[in-house]
Amino acid sequence: MIAILLQTTPYRIMALVHILAAIVAFGPLFLYPGLRRTGETTTIARMHMRLTFPALIVLWVVGMGLAGMSDDFYQMSQLWLTLSILVWVILVAVSWFLIRPAITDTDESAIAKMAAGTGITHLGLVIGLVLMIWKPGL
């Protein structure tokens, strides 16, 4: 609700970029299982490293920019911001260490790793949305 008070054009542009980065970072993960079943592992790998992973980085950069632009309302010590950063760090680690290696691996354990990685990422998306909408500890 406090974000409504931040009605400056640069803040709105940053918020729009933040939301678009979240869509680009998490949207393709819903396609990974189907693409993997069809054997499109090179397509997934290319999409993950050129689109999904960079969007996850942009999500953090712009999110920190939004937090910096709203110093009068939000502080980095607030619970929802701290937890959001923690969730982001976990999602980057899952993306890099679990999903990325499992994309092109044809081993049976790679399928389980891919499923676990996308499941954790979807859970992280839901947690991040809850933190961004309700801002616990504000």
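This structure is a prediction, so every number in the text was calculated from the model and none was measured.
Hydrophobic clustering of Ile, Leu, Val, Met, Phe, Trp and Tyr side chains at less than 4.5 Å, counting indirect connections, unites L79 with M76. L16 and Y74 fall into different hydrophobic clusters, where Ile, Leu, Val, Met, Phe, Trp and Tyr side chains are chained together by heavy-atom contacts under 4.5 Å. The hydrophobic cluster containing L20 does not contain Y11, counting ILVMFWY residues as joined when their side-chain heavy atoms lie under 4.5 angstrom apart, directly or transitively. Note on V61 and I23: separate hydrophobic clusters, where clusters join Ile, Leu, Val, Met, Phe, Trp and Tyr whose side-chain heavy atoms are under 4.5 Å apart, directly or indirectly. Hydrophobic clustering (ILVMFWY, side-chain heavy atoms < 4.5 Å, transitive): F97 and W60 are in one cluster.
Here the side chains of L91 and F26 are in contact, with some heavy-atom distance below 4.5 Å. Contact of the S77 side chain with the T82 side chain is not registered, since no non-hydrogen atoms from C-beta on lie closer than 4.5 Å. Between I85 and M64 the shortest side-chain heavy-atom distance falls below 4.5 Å. Contact annotation: the side chain of P101 never approaches that of K113 to less than 4.5 Å [non-hydrogen atoms, C-beta and beyond].
Listed here is the closest heavy atom pair of P136 and L131: CG-CD2, 3.7 Å. A pairwise comparison of heavy atoms in A102 and A110 identifies CB-O, 3.4 Å as the closest pair.
Note that CG of L123 and OG1 of T118 are 11.5 Å apart. Values are rounded to the nearest 0.5 Å. We find the CE-CG distance between M132 and L83 to be 9.5 Å, quoted to the nearest 0.5 Å. The structure places CG of L86 at 4.0 Å from CD1 of I90, a figure rounded to the nearest 0.5 Å. Here the straight-line distance linking atom CD1 of I103 with atom CG of L98 works out to 10.5 Å at 0.5 Å rounding. To the nearest 0.5 Å, the span separating OG on S109 from CE on M114 amounts to 12.0 Å.
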Sequence neighbours left out, cut at 3.5 Å: what donor-acceptor pairs do the side chains of residues 43-58 make with other protein atoms?
unit_1, atom_1, unit_2, atom_2, d
T43, OG1, E40, OE1, 2.9
H48, ND1, Y32, OH, 2.9
H48, NE2, S95, O, 3.4
H48, NE2, S95, OG, 2.8
T52, OG1, Y32, OH, 3.2

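Scanning for side-chain contact (heavy atoms from CB on, under 4.5 Å) contacts around I111 gives R36, E108, with sequence neighbours left out. Under the side chain to side chain donor-acceptor pair (under 3.5 Å) criterion, W80 pairs with Q78, not counting sequence neighbours.
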Checklist entry - When you look at L29 and I99, which way does the side-chain contact (heavy atoms from CB on, under 4.5 Å) test go after all the steps? => result CA-CA 10 Å; L29 288 162; I99 296 174; 3.9 Å; yes

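Between the H18 side chain and the M14 main chain, no donor and acceptor come within less than 3.5 Å of each other.
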